[in-house]
Each structure stands twice: as structure tokens, then as C-alpha cells.
Amino acid sequence: MNIIITLALFLSVGSWVFLGLTFANLLSGYFEQRTCLTDCVKTYYFAAGALGLFGTAAAAFAWLRSGFGSWPFIALVITALPFAIVAGIFSIGTLGSMLH
């Protein structure tokens, strides 16, 4: 199980990196002055979501296989955070666009 937890944590680190790149590019100034435009930000955003989802699934599998141990649960919480952020932003954006 330690290999699966390690894999899940590496996927979580990758998800955090892509999430950081997304926010750094979104907050880097005016749209015309950015080097990373819409397609690039979209790629970073969905890469963060995909890595977060795969990391969360791996950590959940490790937690279930370990008999609900504490270390795999901590790994599950850590890996679920970036996916929860991406899913929350996606849900807010979807609900906001449905109201218009």
C-alpha cells in the first residue's frame, strides 16, 4: 500500500503545481499582456483536475485496502484538496452560467 500512497501523493503534488500555474497565469495581468492565454490556462486547469482525481482515487483505494488506517486517510485528505478546489470552481462557474 505504501507504493499506492506514494503515487497518490506524487499525483497530488502535480495537481497542486498545475493549480498554482493556473492561478499564476490568471492573476498575471491583463489578458492581452499574458504569455499564456485561454487554451494554456484551460490545459493547466483540467490537468490539475485530472491529476487530483487520479490521486484521490488512488488514495481512496489505499485507504480502503488498509482497513481505514490513519496514514492513508491523511493521504486521502491531502490528495482530495486540489480536486475539491477544481470541482468547486467548475461547479460555481457552471451554476453561474446557468443563471444568465
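FYI, the numbering just counts along the sequence from 1.
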Asker: Check L81 against W16 and note the closest heavy-atom contact, atom names and distance.
Answerer: CB-CZ2, 3.8 Å
Asker: Over all heavy atoms of both residues, which pair between G49 and F83 is shortest? Give the atoms and the distance, please.
Answerer: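 So the two residues come closest at O-CD1, 3.5 Å.
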Asker: Within this structure, what is the CD1-OG1 distance for the pair I89 and T22, rounded to the nearest 0.5 Å?
Answerer: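 These two atoms lie 8.5 Å from each other.
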Asker: Do the side chains of L64 and V77 join up, straight or via other hydrophobic residues, at under 4.5 Å, putting them in one cluster?
Answerer: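 Looking at the clustering, V77 is in the same group as L64.
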Asker: Hydrophobic clustering (ILVMFWY, side-chain heavy atoms < 4.5 Å, transitive) - are L9 and I74 grouped together?
Answerer: yes
Asker: Roughly how far, to the nearest 0.5 Å, is OG of S12 from CD1 of I5?
Answerer: 13.0 Å
Asker: Could you measure the distance from the CD1 atom of I78 to the OG1 atom of T56? Nearest 0.5 Å is fine.
Answerer: 11.5 Å
Asker: Quick one: pull up CZ in F23 and CZ in F18 and give me the separation to the nearest 0.5 Å.
Answerer: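 Those atoms lie 14.5 Å apart.
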Asker: With hydrophobic residues grouped by side-chain heavy-atom distances under 4.5 Å, do I92 and L95 end up in a single group?
Answerer: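 Not linked; separate clusters.
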Asker: From F46 CZ over to L51 CG, what is the distance, rounded to the nearest 0.5 angstrom?
Answerer: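 F46 CZ to L51 CG: 13.5 Å, rounded to 0.5 Å.
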Asker: Please confirm whether the backbone N or O of N25 pairs with a side-chain atom of S28, one donor and one acceptor, at under 3.5 Å?
Answerer: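 Checking the backbone N and O of N25 against the side chain of S28, a donor-acceptor pair under 3.5 Å is found.
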Asker: Quick one: does L11's side chain get under 4.5 Å of T79's, heavy atoms only?
Answerer: no
Asker: Locate the shortest heavy-atom distance separating A60 from L76; write the atom from each residue and the value.
Answerer: N-CD1, 3.6 Å
Asker: Side-chain heavy atoms nearer than 4.5 Å, only ILVMFWY residues, links allowed to pass through others: does that put L26 and L37 together?
Answerer: no
Asker: Please report the shortest heavy-atom distance between A58 and I4, naming the atom on each side.
Answerer: O-CG2, 3.3 Å
Asker: Let me confirm one number: the CZ-OG distance from F61 to S66, rounded to the nearest 0.5 Å.
Answerer: 10.5 Å
Asker: Using the rule that Ile, Leu, Val, Met, Phe, Trp and Tyr join whenever any side-chain heavy atoms are under 4.5 Å apart, tell me whether W63 and F54 fall into a single cluster.
Answerer: no
